[in-house]
Amino acid sequence: MAKSRTGSVDDLRAEARKCQDCPLWANATQTVFGAGDPHARVMLVGEQPGDEEDKKGLPFVGPAGRLLDKALESAGVDREHLYVTNAVKHFKWRLHKTPAQREIEACHQWIEGEIQAVKPHVIVALGATAAKALIGAQFKVTQQRGQFVESALAPYVFATFHPSALLRLQEDEEREAA
Ligand code: URA
């Protein structure tokens with residue numbers, strides 16, 4: 001049966017440090033829990049920590065995080081006012097491998113706990129993994145990005161591209177526009 005977690009973000013973070021509910025913990029440096037304002041109105045949910053996040057123990061501090069910061073700055077959004085986290089809290093070790101369904105499911109207890117603790121007004125799923133974890137397996141980011149979906153998780157829930165998807169665009173102009 002799926003586990004559920006309650007408590008403040010700090011309580012959850014402390015518990016998640018010990019999580020061994022899927023095999024990813026074994027090769028990761030540490031659990032990378034969410035960070036930011038624990039009462040933020042807006043929560044951003046990415047996929048899973050990368051190499052730099054694994055080392056620093058913070059979400060979105062590597063190349064994708066730098067692009068995210070740039071996008072937030074252009075949009076006039078201060079990252080300090082957000083809560084930023086990931087659907088999966090351990091690095092997969094081999095770069096660019098997306099999390100498996102069982103890893104997303106094992107980690108669901110944490111994202112669910114974070115949402116209950118933060119109670120955001122808006123949740124933004126960044127990319128297909130976060131959309132799968134929060135909205136459902138049938139959701140297609142390419143077709144439905146930016147559309148609000150009915151959800152018990154928060155009053156406003158939608159998905160958009162993951163910053164890494166933009167990093168994969170080859171042309172500077174194309175990337176800038178995206
Ligand atoms: N870094 C993160 O913290 N999350 C991602 O989804 C990608 C990079």
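One-based numbering along the sequence shown. Just so you know, ligand 1 is whichever comes first in the structure, and atom 1 is the first atom listed for that ligand. Values reported hereafter were calculated over all heavy atoms of this structure, with side chains retained and with hydrogens, waters and symmetry mates removed.
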List ligand 1 atoms under 4.0 Å from [X], heavy atoms only on the residue side.
| X | answer |
| --- | --- |
| His162 | 5 (C), 6 (O), 7 (C) |
| Glu47 | 5 (C), 6 (O) |
| Gly46 | 6 (O) |

In a check of salt bridge (Lys or Arg N to Asp or Glu O under 4.0 Å) between Lys89 and each of Glu114, Glu53, Glu103, which one passes? Glu114
Considering distance alone, does some N or O of Glu53 sit under 3.5 Å from an N or O of ligand 1? yes
Arg79, CZ atom: more than 12 neighbouring heavy atoms under 6.0 Å: yes
Could you check whether any side-chain N or O of Glu112 sits under 3.5 Å from a backbone N or O of Arg5, counting only pairs where one atom can act as donor and the other as acceptor? no
So which protein heavy atom does [atom] come closest to, and at what separation?
| atom | answer |
| --- | --- |
| atom 4 (N) of ligand 1 | Asn86 OD1, 2.7 Å |
| atom 5 (C) of ligand 1 | Gln48 O, 3.1 Å |
| atom 3 (O) of ligand 1 | Phe60 N, 2.7 Å |

Taking C-beta and beyond as the side chain, do His81 and Val77 meet within less than 4.5 Å on heavy atoms? no
Contact between ligand 1 and Glu52 is defined here as a heavy atom of the residue under 4.0 Å from a ligand atom; is it met? no
Answer yes or no: is there an ion pair linking Glu47 with Lys92, defined by an N-O contact shorter than 4.0 Å? no
Run the ring-centre check on Phe33 versus His90 and record whether the distance is less than 6.0 Å. no
